[in-house]
Novice: 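Would you mind keeping the following structure in view while I ask a few things?
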Protein chains: 2
Amino acid sequence: MDQALQAHPQSRMPGPPEADAPAPMFDLIELFFFAYRDFVGDADRLLEDFGFGRAHHRVLHFVNRQPGLMIAELLDILGITKQSLNRVLKELLDTGYVEARPGVTDRRQRLLFTTSKGRRLAMDLSDLQSRRFERALGELPQGAKGPAIDFLLAMIDPAQRDKVASLVWGQPYEGAK
Amino acid sequence: MDQALQAHPQSRMPGPPEADAPAPMFDLIELFFFAYRDFVGDADRLLEDFGFGRAHHRVLHFVNRQPGLMIAELLDILGITKQSLNRVLKELLDTGYVEARPGVTDRRQRLLFTTSKGRRLAMDLSDLQSRRFERALGELPQGAKGPAIDFLLAMIDPAQRDKVASLVWGQPYEGAK
DNA sequence: TGAAATATGTCAATATGGCTGACGTAAAAG
DNA sequence: CTTTTACGTCAGCCATATTGACATATTTCA
């Protein structure tokens with residue numbers, strides 16, 4: 001019935017002799033894929049109740065994290081175009097999860113803030129995802145959080161690491177606490 | 001000029017006193033987001049040269065990993081509908097990266113295999129992503145791979161873990177080697 | 001002051017990757 | 001011989017992203 005489910009053949013390198021290329025790390029590749037999928041799945045389910053998608057989540061999250069964020073900064077963080085952002089942001093503004101206030105020193109800017117409603121949703125989403133991390137870390141030996149942070153940080157493009165670190169901690173990373 | 005870039009305010013919990021809810025793990029949440037983005041970015045860039053997207057990548061990857069995979073099994077792994085798969089799979093078949101052979105014992109089945117061209121592309125993609133893992137692990141203390149695997153596995157829904165483990169290792173997980 | 005750069009908004013067209021529902025067909029299983 | 005299974009396909013819809021072009025207000029600078 002399942003001759004289709006054979007033993008995994010990747011232990012044998014197929015094809016002609018290519019010297020000894022390091023074997024691909026299929027385990028990490030696939031685990032990263034599935035772990036991330038479950039990670040975002042938590043939030044996806046909650047967001048559905050509000051008629052929002054992942055795009056809304058990302059906007060809401062970073063606005064909540066950095067109140068007073070400018071449009072241009074948000075675009076830079078998300079790495080999308082303003083046209084893409086606009087539809088999503090508009091919906092968050094229209095439904096009252098995010099509000100925009102003109103900049104004080106520069107009135108061209110629209111500084112973004114979460115409303116109390118938006119803050120609550122953003123927190124609910126973060127709590128959901130934090131609970132997954134808590135569960136996962138709880139299954140691991142004591143002190144697994146530092147190494148996990150180090151691992152994830154090391155996976156990020158070195159060139160982007162400072163930017164990310166200052167976004168995450170408000171300053172360059174100083175090592176596991 | 002940048003009163004918009006204030007110190008991060010999340011250290012103070014906003015709103016009324018909600019007792020002491022555990023603080024959200026913003027660091028892990030955001031690092032996971034950025035790490036995954038860079039991780040898939042590597043492959044995305046290579047895939048563009050072939051006119052493929054992430055959907056093609058996933059199909060090619062799992063077919064390469066489990067030669068002789070049935071359509072239904074692939075759908076189960078990817079968690080998408082057959083209609084979604086079909087367009088992508090068709091393109092991989094038409095362009096000769098994947099081939100389908102009727103099942104031997106059950107001729108309704110279409111068993112999927114990568115062609116030599118497909119195997120090469122799949123390996124190139126896996127190598128790219130493996131190189132990122134190698135670089136990352138190289139920046140960490142010796143023996144960081146085991147904990148990384150354990151962390152990612154722990155992040156996966158417990159109910160799905162056996163399925164994932166048997167997909168990744170061909171058997172239930174036995175702990176870091 | 002007047003021109004240029006900046007921050008943002010908007011219209012239009014397009015691509016990709018998902019979805020649901022309905023229907024068809026060949027082969028296997030009872 | 002009927003039902004179930006494995007798969008394909010048509011049609012339409014949605015979400016998220018893209019590029020390009022153009023508009024508008026505001027700030028900056030020569």
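Reckoned from all heavy atoms, side chains included, excluding hydrogens, waters and symmetry mates. Each chain gets a letter, A, B and so on, in the order its sequence line appears, and its residues count up from 1.
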Novice: Calculate the interatomic distance between B/M70 atom CE and C/dA27 atom P; express it in whole Å.
Specialist: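 Nearest whole value for this atom pair: 16 Å.
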
Novice: Can a salt bridge be assigned to the pair B/R87 and B/E91 using a cut-off of 4.0 Å between side-chain N and carboxylate O?
Specialist: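 Looking at B/R87 and B/E91, the cut-off is not met.
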
Novice: Nearest of C/dT8, D/dC7, D/dT16 to any side-chain atom of A/A55?
Specialist: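 Ranking C/dT8, D/dC7, D/dT16 by closest atom to the A/A55 side chain puts D/dT16 first.
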
Novice: Can you tell me whether the side chain of A/R108 and the base of C/dT6 have a donor-acceptor pair closer than 3.5 Å?
Specialist: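 A donor-acceptor contact between them is present.
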
Novice: OP1, OP2 of D/dA17 versus side-chain N and O of A/T81: anything below 4.0 Å?
Specialist: no

Novice: For B/L85 and D/dT9, give me the distance from atom CG to atom P, rounded to whole Å.
Specialist: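 Rounding to the nearest Å, CG of B/L85 and P of D/dT9 are 12 Å apart.
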
Novice: For B/I71 and D/dT5, what is the distance between atoms CD1 and P respectively, to the nearest whole Å?
Specialist: 18 Å

Novice: Kindly indicate whether a cation-pi arrangement holds for B/R132 with B/F39, taking the cut-offs as under 6.0 Å to the six-membered ring centre and within 45° of the axis.
Specialist: no

Novice: Looking at every strand, decide which applies to B/G51 at a 4.0 Å heavy-atom threshold: base, sugar-phosphate, or nothing.
Specialist: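 No contact.
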
Novice: Counting only side-chain heavy atoms from C-beta out, which of D/dT26, D/dT16, D/dC7 sits nearest to A/R87?
Specialist: D/dT16

Novice: Expressed as a whole number of angstroms, how long is the span from B/I80:CD1 to D/dC14:C1'?
Specialist: 16 Å

Novice: Considering heavy-atom distances to DNA chain D, does A/K82 or A/R58 have its closest nucleotide positioned more toward the 5' end?
Specialist: A/R58

Novice: Taking only side-chain nitrogens and oxygens of A/S84, does any of them come within less than 4.0 Å of OP1 or OP2 of D/dT18?
Specialist: yes

Novice: Could A/R161 and A/Y173 be counted as a cation-pi pair, given that NZ or CZ must be under 6.0 Å from the ring centre and within 45° of the axis?
Specialist: no

Novice: Give the rounded distance in Å between these two atoms: CG of B/L93 and P of D/dC7.
Specialist: 13 Å

Novice: Quiz question: going by heavy-atom distance under 3.5 Å, is there a donor-acceptor pair between the base of C/dG21 and the side chain of B/Q83?
Specialist: yes

Novice: Would A/R131 and A/D42 pass as an ion pair if we require N to O under 4.0 Å?
Specialist: no

Novice: Specify the separation, in whole Å, of atom CD of A/E48 and atom C1' of D/dA15.
Specialist: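 Rounding to the nearest Å, CD of A/E48 and C1' of D/dA15 are 12 Å apart.
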
Novice: Would you mind reading off the distance between B/L111 atom CG and D/dC7 atom C1', rounded to a whole angstrom?
Specialist: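 These atoms are roughly 12 Å apart.
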
Novice: Using atom NE2 of B/H56 as one end and atom P of C/dT16 as the other, report the distance to the nearest whole Å.
Specialist: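 Rounded to whole Å, this separation is 8 Å.
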
Novice: Taking C-beta and beyond as the side chain, do B/F133 and A/M155 meet within less than 4.5 Å on heavy atoms?
Specialist: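 A side-chain contact exists here, since the closest heavy-atom pair is under 4.5 Å.
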
